[in-house]
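Source: prediction; values computed, not measured.
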Amino acid sequence: MQTVILAAGQGTRMRPLTESVAKPMLPVADCPLVGHTADAAVDAGASELIVVVGYEAEDVREFFGAEYRGVPVTFTEQEHQRGTADAVRAAQPNLSGPFAVLNGDNLYEPADIEALFEAGPSIGAIRVDDPTSYGVLSTEDGRVTDIVEKPSDPPSNLANAGAYVFPPDAAESLNVEESERGEYELTDVVARTIEAASVTPVELGQWLDVGRPWELLEANEWKLDELDRSVRGDVAASAEIRGPVVVEEGATVESGVVIEGPALLREGATVGPNAYVRGRTLLGPDTKVGHGVEVKNSVLMTGAHVPHLSYVGDSVLGRHVNFGAGTNVANLRHDDEPVEMTVKGDRVSTERRKFGVVAGDNAKTAINTTLNAGVKLAAGATTTPGETVLRDR
Ligand code: TTP
């Protein structure tokens with residue numbers, strides 16, 4: 001089945017991490033987010049991947065190349081990011097038969113995508129406790145009868161999981177009206193398809209939409225949990241590596257270090273001496289976790305350094321971030337309420353009791369900086385020695 005992967009979006013809710021990187025290219029365990037989306041499609045038997053690119057397209061093109069795991073890849077450019085239906089419209093000239101559409105920023109189980117492919121025209125759905133912030137499906141006699149966006153009175157708890165198989169003629173009905181929020185939405189194409197064809201709801205076992213920074217942490221938690229232990233790097237005799245830890249070739253673990261898996265140390269990462277890495281932690285290529293540093297349940301992207309005497313918990317550090325000596329991160333509120341973040345100007349609950357900070361590429365903290373839970377540092381932001389950062393900057 002031809003599979004369209006939508007990877008053109010600007011990822012504005014993920015800022016500052018998407019300041020100069022496409023969201024699908026953010027790291028999730030051992031590959032970019034979109035690599036996991038594509039893996040699910042390939043494992044399910046996709047015959048061709050049609051990748052819609054736009055924002056920061058070059059990295060996406062480079063990652064896939066002409067072939068991905070033996071499956072041919074075609075790129076198509078969406079010039080302006082005017083919505084998901086508009087993105088599929090960019091792929092339309094390449095379509096020739098039934099086709100699947102997956103969001104390039106969603107994680108799926110391969111078996112679920114296989115079930116979707118086998119079902120013919122279908123929509124992936126996930127059962128959620130509170131469907132009011134999703135597209136919600138109505139179903140009758142094993143087919144989808146309606147889809148409503150963010151209903152206050154949801155007809156079911158089946159949420160649209162952004163995975164579809166369309167019949168061939170759906171490619172002709174991509175010219176939908178602009179929605180209230182000014183986009184051309186794929187759900188409007190789905191609504192038309194439901195009227196014209198029998199569309200099966202396929203319930204997915206596990207699914208994650210990665211839209212906001214803490215969801216990138218959740219994506220890493222999911223994929224790091226799937227790691228099998230493999231230690232190929234240089235590990236000092238006095239270091240302790242516990243559980244499912246991957247130390248890639250070219251990574252270094254110095255003396256006195258304890259690493260509790262799941263954890264992944266990519267090539268060029270160095271830890272220690274005397275450091276503690278725990279939770280589900282990704283230490284990207286060329287990262288450094290130095291003496292007296294504890295890193296818990298965090299993602300350090302390429303070249304991020306936390307070299308001396310720091311605590312970093314439940315946080316995401318962009319590329320080449322540097323935390324000065326003694327920088328500490330708060331990741332828990334004393335009232336035990338979920339940590340909040342500002343996303344596009346609105347305060348939003350992360351629904352996590354523990355969440356630390358998000359630092360954009362090249363942010364640098366001075367010595368003894370204290371960063372409060374839920375704070376975002378813009379790309380290139382700096383702090384002054386001894387500063388306590390309570391608000392985004
Ligand atoms: P969204 O998550 O709705 O959009 P986004 O990724 O741009 O993020 P944000 O809302 O934070 O700005 O998009 C769902 C999927 O569709 C995602 O994989 C990106 C993709 N997409 C496009 O390819 N083109 C588009 O015009 C839009 C809006 C999204």
Side-chain angles (χ1 to χ4, degrees), residues 1-9 11 18 21-79 81 84 87-118 124 162-166 168 170-171 174 186 207-208 210 219-220 222-223 226-228 230 232 246 248-250 264 266-268 282 284-285 301-302:
M1 170 117 40
Q2 286 184 300
T3 303
V4 180
I5 296 182
L6 305 183
T18 46
V21 179
K23 182 172 54 171
M25 289 306 293
L26 293 174
V28 173
D30 59 351
C31 73
L33 175 55
V34 72
H36 297 285
T37 316
D39 283 343
V42 169
D43 290 345
S47 59
E48 180 188 359
L49 302 179
I50 303 171
V51 184
V52 184
V53 293
Y55 180 70
E56 297 292 342
E58 218 32 62
D59 294 346
V60 187
R61 286 177 186 273
E62 200 175 305
F63 170 69
F64 279 104
E67 236 183 55
Y68 184 77
R69 292 179 48 205
V71 174
V73 176
T74 308
F75 296 100
T76 167
E77 187 96 19
Q78 184 194 20
E79 213 174 308
Q81 283 67 59
T84 44
V88 179
R89 200 155 50 193
Q92 196 256 347
N94 300 291
L95 297 170
S96 57
F99 60 98
V101 177
L102 301 177
N103 284 337
D105 58 353
N106 284 193
L107 291 183
Y108 310 94
E109 285 290 359
D112 287 338
I113 301 305
E114 201 175 331
L116 197 80
F117 285 6
E118 280 168 8
Y164 316 88
V165 170
F166 286 101
L174 293 167
L186 201 53
W207 168 76
L208 182 66
V210 183
N220 275 281
W222 173 346
K223 290 295 163 186
E226 293 177 354
L227 291 181
D228 291 323
S230 152
R232 282 168 289 136
V246 174
E248 288 186 355
E249 209 172 315
L264 169 57
R266 309 275 340 243
E267 187 183 356
L282 167 63
M301 296 188 199
T302 302

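Rounding to the nearest 0.5 angstrom, the gap separating the CG atom in Asp112 from the CG atom in Leu107 is 12.0 Å. Rounded to the nearest 0.5 Å, atoms OG1 (Thr76) and CZ (Arg89) are 12.0 Å apart. Here the CE-CG distance, from Met1 to Leu116, works out to 7.5 Å after rounding to the nearest 0.5 Å. Atoms CG and CD1, from Asn103 and Ile5 in turn, are 10.0 Å apart once rounded to the nearest 0.5 Å. Between the CD atom in Glu48 and the OG1 atom in Thr74 there is a gap of 3.5 Å [rounded to 0.5 Å].
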Tabulate below the donor-acceptor pairs under 3.5 Å that side-chain atoms of residues 50-59 make, not counting sequence neighbours, or state none.
{"unit_1": "Tyr55", "atom_1": "OH", "unit_2": "Thr18", "atom_2": "O", "d": "2.6"}
{"unit_1": "Tyr55", "atom_1": "OH", "unit_2": "Glu19", "atom_2": "O", "d": "3.0"}

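Checking side-chain atoms of Lys23 against main-chain N and O of Leu33 turns up no donor-acceptor pair under 3.5 Å. Checking side-chain atoms of Glu248 against main-chain N and O of Arg266 turns up no donor-acceptor pair under 3.5 Å. In terms of modelled atom types and a separation under 3.5 Å, the side chain of Thr302 and the main chain of Gly284 share no donor-acceptor contact.
Two residues are said to be in side-chain contact when any heavy atoms from C-beta on lie closer than 4.5 Å; Leu95 and Val4 meet this criterion. A 4.5 Å side-chain heavy-atom check between Val42 and Leu49 finds at least one atom pair inside the cut-off. Put simply, the side chain of Leu26 reaches to within 4.5 Å of the side chain of Met301, judged on heavy atoms. Counting only heavy atoms from C-beta outward, the side chains of Leu6 and Asp105 never approach each other to under 4.5 Å. Counting heavy atoms from C-beta on, the side chains of Val60 and Met25 come closer than 4.5 Å. Contact check for Phe166 versus Leu186: side-chain heavy atoms found under the 4.5 Å cut-off. Contact check for Leu282 versus Pro27: side-chain heavy atoms found under the 4.5 Å cut-off. Side-chain contact check for Phe64 versus Val34: some heavy-atom pair is nearer than 4.5 Å.
Tyr68 approaches Ala38 most closely through the heavy-atom pair CE2-CB, 3.6 Å. Tyr108 approaches Gly162 most closely through the heavy-atom pair OH-O, 2.7 Å. Of all heavy-atom pairs spanning Thr3 and Ala46, the tightest one is OG1-CB, 3.5 Å.
Crowding of Glu249 atom CD: a count of heavy atoms from other residues, nucleotides or ligands under 6.0 Å not exceeding 12.
The salt bridge (charged side-chain N to carboxylate O under 4.0 Å, His left out) pairs that include a residue from residues 28-41 are Asp39-Arg69, where partners are two or more places apart or lie in different chains.
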